[in-house]
Structures are given as C-alpha cells and as structure tokens.
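Read the structure below first, then the notes.
Fair warning: this is a prediction, and the values are worked out from it, not measured in the lab.
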Amino acid sequence: LREVDGEIGVEDAVAYLEAARPHQMNGKQGWYASGYAFGMWRGVLAAVGLKTVLVEPPKWKADMGLTGTDKTRSREMAMEQFPEVSSKLSRVKDHGRAEALLLALWGQQSSAESRREDA
C-alpha cells in the first residue's frame, strides 16, 4: 500500500473489496475468520485513506463471465489478463490471488464505464 501511495497517490486510488458472505457449511470458525479478515482489510484501507468500494461476488463475477465456473477458470482468466504475473497464479491454491486481480480489473473497467456515462 505504501508503494501505491508513492506511485499514484492515495487520493487517486480506489480499492475494490469483495463483500463476501460466509458459507453455511463452513461453521462458526469459518464465519469468524471470514469476518475478521474482511474487517481487517476495511480497517487497513480506511487507515491509509483509500476510497473503498464494496462489491458483492455475484455482481463482479457475472460481469466477468465467471458465474457457474470453478476456481480454475478464475486462474486461467487472470493469467490471460495479467501474463506478467502468470507464474504466481499457476497453482490451484492461487485462486484467491487470481480473483483479487480480476476484481481489481472489474473495478477499473466499471469505473471507466461510469466515467463514459457521466461525460
């Protein structure tokens, strides 16, 4: 986050944060961990002054054509969109990293789209 501030300035940056809901099958511990991590990210982003946009997973995944697909498809799409970091997305467990990249791409595209509508 410090690098982002140095490169583009916090006032120009926007963080897109997935407003994920815990799955009923995960149990109480999974619910706690999910909520804890979400709260930590919100707090860190607020502390550094980044504007944060909460996005529901079904919204950005539908817009990106990922509804009904598995985590492998998210990794494949991220490797196509970000070939310079594809080596960091090659493992099955890298699906979270891939989805973070795709959520950022979705945010960039939706932001550009809304600026066109405003013009």
Exercise. Considering only heavy atoms from C-beta outward, does the side chain of Leu17 approach that of Arg42 to under 4.5 Å?
Worked result: yes

Problem set entry | Electrostatic pair Lys61:Glu99 at N-O distance under 4.0 angstrom | yes

For this session: Given side chain to side chain contact (heavy atoms under 4.5 Å, CB included), test Phe38 with Leu54 step by step and report yes or no.
Result: CA-CA 11 Å; Phe38 177 73; Leu54 301 180; 3.9 Å; yes

Exercise. Any idea which heavy atoms bring Thr67 and Ala62 closest together, and the distance?
Worked result: OG1-CA, 3.1 Å

Seminar exercise, completed: Hits for salt bridge (Lys or Arg N to Asp or Glu O under 4.0 Å) against Glu18, two or more places apart or cross-chain, chain-then-number order -> none

Problem set entry | Carboxylate-amine/guanidinium contact Glu76 Arg73, below 4.0 Å | yes

Seminar exercise, completed: When every non-hydrogen atom of Tyr16 is compared with those of Gly107, the smallest separation belongs to OH-O, 3.2 Å

Problem set entry | Chi angles and distances behind the side chain to side chain contact (heavy atoms under 4.5 Å, CB included) call for Val14, Leu50 | CA-CA 6 Å; Val14 178; Leu50 279 173; over 6 Å; no

For this session: Mind jotting down which residue pairs meet the side-chain hydrogen bond (donor to acceptor under 3.5 Å, both in side chains) criterion with at least one end in residues 81-91? Sequence neighbours excluded, please.
Result: Arg91-Asp94

Problem set entry | Pairwise distance CG(Leu66) to CH2(Trp60) - rounded to 0.5 angstrom | 5.5 Å

Seminar exercise, completed: All heavy atoms of Leu89 vs all of Arg75, minimum pair found to be O-NE, 2.9 Å

Problem set entry | Side-chain heavy-atom pair Val92, Thr72 within 4.5 angstrom cut-off | no

Problem set entry | Heavy-atom closest pair, residues Ser74 and Leu102 | O-CD1, 3.4 Å

